[in-house]
Amino acid sequence: MNNVAHDPVCGMSVLPERGLTTADQNRTIYFCSEFCRSKYLAEPEKYRAVLVTPHYDDVNEHRRIAYFSMEVAVRAKLPTYAGGLGVLAGDTLQSCADLRVPVVGVTLLSRQGYFDQRLNEWGTQTESPVQWHPAHFLLPLSEVVSVEIEQRTVLVRAWQYDIVGMSGYVVPLLFLDTDVIGNSADDRALTNSLYGGDQRYRLAQEIILGIGGVRMLHALGYQGIEKFHLNEGHASLLVLELLRAQKEKPSVEWDFDLVRNQCVFTTHTPIPAGHDQFEYDLVARVLGEFVPFDVLRMLGGQERLNMTLLAMNLSRYVNGVAQRHEEVSRAMFPGYPIHHVTNGVHAWRWTCDSFKALYETYLPGWANDPAMLRKALSLPREEVWAAHLTAKTHLLATIKERTGRVLSADTLTIGFARRATQYKRADLVFSDVGRLRQIVKEAGPLQFVFAGKAHPHDAVGKEMIRRIVAIAHEVGDEIPIVYLENYDLDLAQLLIAGSDLWLNTPQRPLEASGTSGMKAALNGGLNFSVLDGWWIEGQIEGVTGWSIGARAPEPNQEEVLSRQDANDLYRKLHEVIVPKFYHQPEQWVEIMCHSIALLASYFNTHRVVQQYVTNAYLS
């Protein structure tokens, strides 16, 4: 993407390689025409001020939307994310930068990251803090604000990371940090660990994010914020800060509508147990009576402070992250007008180099208009397959480098990478190893590549990793299985792009959306997934990939449903997918092209941001 300069005389854009120039005070000035250059040379003092005045959109006070998220993934070496929520936030903010949406992001610094994962020979996970230095990546800001936690004043500073769009437009991302001189040792550690600690630690972090975040925006001069977008309930306390701020004005009653009109809330959680809730005894001790408790109970729930309920009660626009998730959320919270904006992924960020080159050749402009990928049906089929083989070769080389295991580029490679937790059912494909052996013997060879971290307190998730590694030892080279440790953004890009088939087997309806399959589609990967989350909207059987199990299964015990899903998985592998890969390669590539055209062109964050702008930000 070319950098664009601006003519200081007429204000028009100039491509540096095409424009006229002059040197003035050790800098190069670009002009669109000889007319403008002559004007400048005649009166340089008149125009120099333009060169140092920031563009309107770049001034803090002109930002209109503040996007709050507990985690944001902007690059692998900034370990300020745990999984899909943070990756979605990073992709969304990158699209905002590309589309020049006047947003500022707010998150926590997480000095120790989520954690570094190590697996021993038998798949036992151990965790250690991530070692990184904020000063290597972020700009420290001088402003300091304070919040009250347990009747103590806790100081909060901020660091800034600039997310640069394709036109050069910048979306600033603020990382809040309590490692400040003047705080106690315990308070300096409050922003150390992402999703670490106990309920008290979590509530303290949410005070810093929600209340401290709003105060930091004001301190930094973001006076024009019209909408506060809460990406999940972790930032819900910001609505109380907004509420209290307007109540402090003389003779003003609680103006709930004023706050409601400023807030947008996106929920990502499809089960009641997944919503952050805090006992009011803990709230009284940690937060104090920030607003009167009768008001807080009215807004956040009578028995416990439910952060989702608090956000929904003071947000004008509330949405789930897929059409099915909207239905599930409305059932959980009857009477609330919950909408949906189905998730997406950032097209340029998640497309591997070989496919980028292919798209740049045949679909120029796709990067800033991913809808152009609908024309992928015109791509030369042999070049699509060659681009995929390049990505697959890179993945297999990385596996050899990391594990010493040599996998074949000719073998159907099935990828599975996401958080290791029970409802994801990473081990469903190994429910009957005998069936897998039969498929390999009768239909063709298979190899599997897994990755994903279990939360340090998730014993069931850790056991699932051990089970997969144990099966890998059991089947050996008959069905090669690799579990790669320390899953992060860089590994995700390699694994998703290099897999032939992307497997997803969650329990219904616990997949709010899911996005890894969208990333696979950008790289021509084919999805094989349970019908839940986004895949209900994206799946056309045999055209964009394949489904596992029924669209609307009969209510049964989970054990019965898992058995039915496993049977369908094995049947389609045996009768449809494996034979197509080995004996109908032209049809396989045809499905790849349909996957790109029908899925990648729609399930991207450019479309997501455009929907938020029209449905939520401008409403």
Side-chain angles (χ1 to χ4, degrees), residues 1 91 94-95 98-99 166 342-395 412-413 415 492-504 513-529 534-547 576-577 580-581 584-611:
M1 199 58 123
D91 283 6
Q94 184 65 63
S95 284
D98 292 340
L99 297 172
M166 291 193 170
T342 301
N343 280 346
V345 299
H346 190 268
W348 179 265
R349 183 185 195 184
W350 289 103
T351 301
C352 68
D353 289 344
S354 56
F355 270 94
K356 281 179 181 174
L358 180 67
Y359 298 156
E360 287 291 311
T361 300
Y362 294 100
L363 306 172
W366 70 278
N368 211 34
D369 184 8
M372 292 184 66
L373 292 172
R374 66 189 182 277
K375 298 181 179 180
L377 293 179
S378 66
L379 294 171
R381 301 309 191 252
E382 66 279 4
E383 293 189 43
V384 171
W385 185 246
H388 172 64
L389 283 184
T390 299
K392 188 174 183 178
T393 300
H394 288 161
L395 170 62
L412 175 57
T413 301
Q493 289 172 323
L494 275 171
L495 207 165
I496 292 169
S499 296
D500 299 307
L501 189 70
W502 194 250
L503 183 64
N504 189 29
S513 172
T515 57
S516 62
M518 304 173 188
K519 298 161 190 165
L522 277 166
N523 298 282
L526 302 189
N527 280 274
F528 187 30
S529 175
W534 81 281
W535 189 231
I536 294 176
E537 301 168 50
Q539 178 263 352
I540 304 174
E541 190 70 12
V543 177
T544 59
W546 298 275
S547 62
V576 179
I577 297 173
K580 191 173 293 292
F581 181 83
Q584 298 172 311
E586 297 85 0
Q587 290 188 27
W588 186 276
V589 178
E590 197 66 26
I591 300 173
M592 291 173 67
C593 291
H594 278 83
S595 178
I596 298 166
L598 298 178
L599 301 182
S601 67
Y602 180 78
F603 293 99
N604 57 75
T605 46
H606 276 40
R607 185 265 311 161
V608 169
V609 168
Q610 289 161 348
Q611 284 188 286

key: Test salt bridge (Lys or Arg N to Asp or Glu O under 4.0 Å) applied to Glu586 - qualifying residues, sequence neighbours left out   = none

query = Looking at Ala391 and Ala497, what are the two nearest heavy atoms and their distance?
reply = CB-O, 3.6 Å

query = Which pairs, with at least one residue in residues 367-394 and sequence neighbours excluded, count as a salt bridge (Lys or Arg N to Asp or Glu O under 4.0 Å)?
reply = Arg381-Glu590, Lys392-Asp500

ask   = Is a donor on one side and an acceptor on the other found under 3.5 Å between the side chain of Asn527 and the backbone of Gly517?
value = yes

key: Pairing residues for Tyr602 by the ring-ring contact (aromatic ring centres under 6.0 Å, His included) criterion, not counting sequence neighbours   = none

key: Minimal non-hydrogen separation, Asn523 against Phe355, with atom names   = O-CE1, 3.1 Å

message = Suppose we screen for side chain to side chain donor-acceptor pair (under 3.5 Å). Which residues come up paired with Thr605, at least two apart in sequence or across chains?
response = Ser95

inquiry  = If you define the side chain from C-beta out and look only at heavy atoms, does anything of Met592 sit under 4.5 Å from His388?
reply    = yes

ask   = Quick one: OG on Ser529 to CG on Leu503, what's the gap to the nearest 0.5 Å?
value = 8.0 Å

ask   = Any side-chain heavy-atom pair from Trp350 and Thr515 closer than 4.5 angstrom?
value = no

ask   = Does the side chain of Asn368 come within less than 4.5 Å of His606's, by heavy atoms?
value = yes

request  = Using side chain to side chain donor-acceptor pair (under 3.5 Å) as the criterion, list what pairs up with Ser595, not counting sequence neighbours.
outcome  = none

note = Those residues at least two apart in sequence (or on a different chain) that pass side-chain contact (heavy atoms from CB on, under 4.5 Å) with Ile591 are Leu526, Trp546, Lys580

key: Those residues that, when tested against Thr342, pass side-chain contact (heavy atoms from CB on, under 4.5 Å) (two or more places apart)   = Ala322, His340, Trp534, Glu537, Phe603, Arg607

inquiry  = Any non-hydrogen side-chain atom of Lys519 less than 4.5 Å from a side-chain atom of Trp502?
reply    = no

message = For Gln539, give me all partners under side-chain contact (heavy atoms from CB on, under 4.5 Å), at least two apart in sequence or on another chain.
response = Leu531, Trp535, Glu541, Ser547, Arg551

ask   = How close do Leu522 and Ala600 get, heavy atom to heavy atom, and via which atoms?
value = CD2-CB, 3.6 Å

query = Can you name the nearest heavy-atom pair linking Ile577 to Trp588, along with the distance?
reply = O-CZ3, 3.6 Å

Asp98: partners by salt bridge (Lys or Arg N to Asp or Glu O under 4.0 Å), with sequence neighbours left out = none

key: Test side chain to side chain donor-acceptor pair (under 3.5 Å) applied to Asn604 - qualifying residues, sequence neighbours left out   = none

task = Find out whether Leu373 and Tyr359 are in side-chain contact, i.e. whether some heavy atom of one side chain is under 4.5 Å from a heavy atom of the other.
result = yes

request  = Mind checking side-chain contact (heavy atoms from CB on, under 4.5 Å) for Thr390 and listing every partner two or more places apart, or none if nothing turns up?
outcome  = Ser354, His394

